[in-house]
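Here the structure comes first, spelled out in structure tokens, and everything after it is commentary.
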Number of protein chains: 2
Amino acid sequence: MAESIISTNQTNADRISAALLDDIINGKLAPGQKINEPALARAYRVSRGPLREALRHLEGLHLIRRTPRTGSRVVTLSRAELVEIYQVREAMEGMAARLAAGRMPDEEIRAIQTLLEQHQRQIEDNAGREYFQYEGDFDFHYRIIKNSGNDYLVNLLCGELYHLIRMYRLRSARIAWRPQRALAEHQMILNAIRDRDGEYAEILMRRHISTARKNLEQEYLNEADNL
Amino acid sequence: MAESIISTNQTNADRISAALLDDIINGKLAPGQKINEPALARAYRVSRGPLREALRHLEGLHLIRRTPRTGSRVVTLSRAELVEIYQVREAMEGMAARLAAGRMPDEEIRAIQTLLEQHQRQIEDNAGREYFQYEGDFDFHYRIIKNSGNDYLVNLLCGELYHLIRMYRLRSARIAWRPQRALAEHQMILNAIRDRDGEYAEILMRRHISTARKNLEQEYLNEADNL
DNA sequence: ATACCCTTATTTGTTGACAATATTCAAAAA
DNA sequence: TTTTTGAATATTGTCAACAAATAAGGGTAT
């Protein structure tokens, strides 16, 4: 595997960077939490040098915010900021769907079809376990994006934007999530790609994400009422 | 000014980061050039610690590429990669223009109108000095983006994507650049924004960038013929 | 009780040194 | 002449210690 080769060549700073990314996304490092460099360095068994390089990297991914001479904190994404991200996501992923429709190999389309059928079974089997359904949602979107053929776009979405969305997901139990409806929309998008109808695939993808964004905005307004 | 306050509080790593960014964009650090950490550190009068933090930051901006244990180089953007970036830019800036049409203050529209009239005079006065016309082009686009109201989008375009474009501009003397035509398109976009017609502003902006992208693709093909 | 100052302790930013790895270059072998 | 080998050289990654700044704590005055 390429990954094992890479990981052996990786530096400590790279490894810590990946570990911290994981801990932030999975909530082990909570939003708003202060980063204590000496403590973190001890916890990860490295010195502050590589740790600080890792922190600079995560700062670039907008996962931590740093204030000179006072320290870093894990970012706390407001719902308004998430809405902004969804707005960007809508434009970018719509484009990804259009491009993918023009170049995704037939066998990849079949593979994603199989994925969607798995999701259908998951929804029927364990209606309560939302976590895996979230992950399934991400799986679908990642595979569309990766088949866009635009590496800059792939990196932007999978390497930056999606980290923020995944991070937010954890502490928004209230977020509206209708797996059955999402799956139906995924199926329609895949059908458009299968028919090589890029224009339609883009429209469907934009609607799909736009719906999610509007739910977010709606909950934002409800939230404001309750204050 | 806010900047002076920030700059006094900035760390060395932040200052070097900004200086390196500048040097890369202005060609003092050429594309493909190897980064020699001890030499660079001496040149900027800092130790390797802050320098390496700055390099991690620039790596996140895709301005340098690092290979573990062998070092970093200033990125060399292929024309194909630039085309990918323009493709993303088309979607993002189209969106920015649409959003800006809905919320740009009237006085800001008038200010940009004044800017365009300056550009017209610049084109008439010194037909040869392309540099300033490039910068004028950037000025226009920056101001539309900054009025989109979406901070994530602003940071993505002005803080990441545009650095790469500005960097490429230097070593592409052959790049097609028709200032008079670009200015006419700028004027149409601003008119659409003035009329609060976001949909039309988006279409015009997309066409504007799409034209530039197609020129790039065309030159890419010509280049391939000459190999 | 609250606000303020001063001392103490912690944390950040930075440095120079060291070990491990990669690169260079010259001599030897094919 | 080209390739290969191996020592010497340079560079990267890492660490521990130091200086400067910030945060914390305790006592005093209001």
Side-chain angles (χ1 to χ4, degrees), chain A residues 2-21 23-24 29-76, chain B residues 2-21 23-24 29-76:
Chain A
E3 281 146 332
S4 63
I5 294 167
I6 290 169
S7 67
T8 53
N9 266 25
Q10 262 180 341
T11 65
N12 275 356
D14 294 323
R15 272 189 293 273
I16 300 162
S17 182
L20 288 176
L21 176 68
D23 287 352
I24 291 174
L29 268 65
Q33 185 173 333
K34 176 86 198 312
I35 301 282
N36 185 317
E37 292 183 9
L40 253 192
R42 271 193 303 275
Y44 286 92
R45 311 292 174 80
V46 290
S47 70
R48 284 176 54 222
L51 173 64
R52 283 175 64 89
E53 289 183 27
L55 290 177
R56 288 278 177 180
H57 180 222
L58 294 178
E59 190 190 0
L61 298 180
H62 304 107
L63 285 173
I64 70 173
R65 279 201 239 276
R66 195 180 50 85
T67 317
R69 310 203 167 274
T70 74
S72 312
R73 315 191 84 93
V74 178
V75 75
T76 51
Chain B
E3 282 146 333
S4 64
I5 294 167
I6 290 169
S7 67
T8 53
N9 266 26
Q10 262 181 342
T11 65
N12 275 356
D14 294 323
R15 271 189 292 274
I16 300 162
S17 182
L20 288 175
L21 176 68
D23 287 350
I24 291 175
L29 268 66
Q33 184 174 333
K34 176 85 199 310
I35 301 283
N36 186 316
E37 293 183 8
L40 253 193
R42 271 193 302 276
Y44 286 92
R45 310 293 174 82
V46 288
S47 68
R48 285 176 53 224
L51 173 65
R52 284 175 63 90
E53 289 182 27
L55 291 178
R56 288 277 177 181
H57 180 222
L58 295 178
E59 190 190 1
L61 298 180
H62 304 106
L63 286 172
I64 69 171
R65 278 202 240 275
R66 195 179 51 85
T67 317
R69 312 203 166 274
T70 73
S72 313
R73 314 192 85 92
V74 178
V75 75
T76 51

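Proteins come first, then strands; the chains are lettered A, B, ... in the order of their sequence lines, and each starts at number 1.
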With heavy atoms under 4.0 Å as the rule, sort B:Gly49 into base, sugar-phosphate or nothing.
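B:Gly49: base contact, heavy atoms under 4.0 Å.
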Would you mind telling me which residue lines up with the more 5' stretch of DNA chain D, B:Thr70 or A:Arg45, judged by nearest nucleotide?
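In this pair, the answer is B:Thr70.
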Can you give me the closest heavy-atom contact between [X] and [Y], atom names plus distance?
X	Y	answer
A:Arg66	A:Ser72	CG-OG, 3.3 Å
B:Thr76	B:Pro31	CG2-C, 3.4 Å
A:Ser17	A:His57	OG-ND1, 2.7 Å
B:Leu51	B:Ala41	CD2-N, 3.8 Å
A:Ala13	A:Ala54	O-CB, 3.7 Å
B:Gly32	B:Arg73	O-NE, 2.9 Å

Contact boundaries of DNA chain D with chain A (under 4.0 Å, heavy atoms), 5' to 3'?
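Contact boundaries, 5' end first: D:dG13 to D:dA23.
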Rounding to an integer number of Å, can you tell me how far [X] [atom1] sits from [N] [atom2]?
X	N	atom1	atom2	result
B:Glu53	C:dT15	CD	C1'	12 Å
A:Leu55	C:dT12	CG	P	9 Å
A:Asn9	C:dA20	CG	C1'	13 Å
A:Arg48	C:dT12	CZ	P	6 Å
A:Arg65	C:dT12	CZ	P	18 Å
A:Arg66	C:dT11	CZ	P	18 Å

Strand contacts (DNA chain D) in residues 32-42 of chain B, 4.0 angstrom heavy-atom criterion:
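Only B:Lys34, B:Ile35, B:Asn36, B:Glu37, B:Pro38 qualify.
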Looking at B:Asn12, I'd like to know whether one of its side-chain N or O atoms comes within less than 4.0 Å of OP1 or OP2 on C:dT14.
yes
Under the 3.5 Å rule, do the base of C:dG13 and the side chain of A:Arg52 count as making a donor-acceptor pair?
no
Would A:Ile24 and A:Ile64 satisfy side chain to side chain contact (heavy atoms under 4.5 Å, CB included), going step by step from the backbone distance to the final call?
CA-CA 9 Å; A:Ile24 291 174; A:Ile64 70 173; 3.9 Å; yes
Among side-chain atoms of B:Thr11 and B:Asp14, is any donor-acceptor pair under 3.5 angstrom?
yes
Supply the atom-to-atom distance A:Arg15 CZ to A:Gln10 CD, rounded to the nearest 0.5 angstrom.
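A:Arg15 atom CZ to A:Gln10 atom CD measures 6.5 Å (nearest 0.5 Å).
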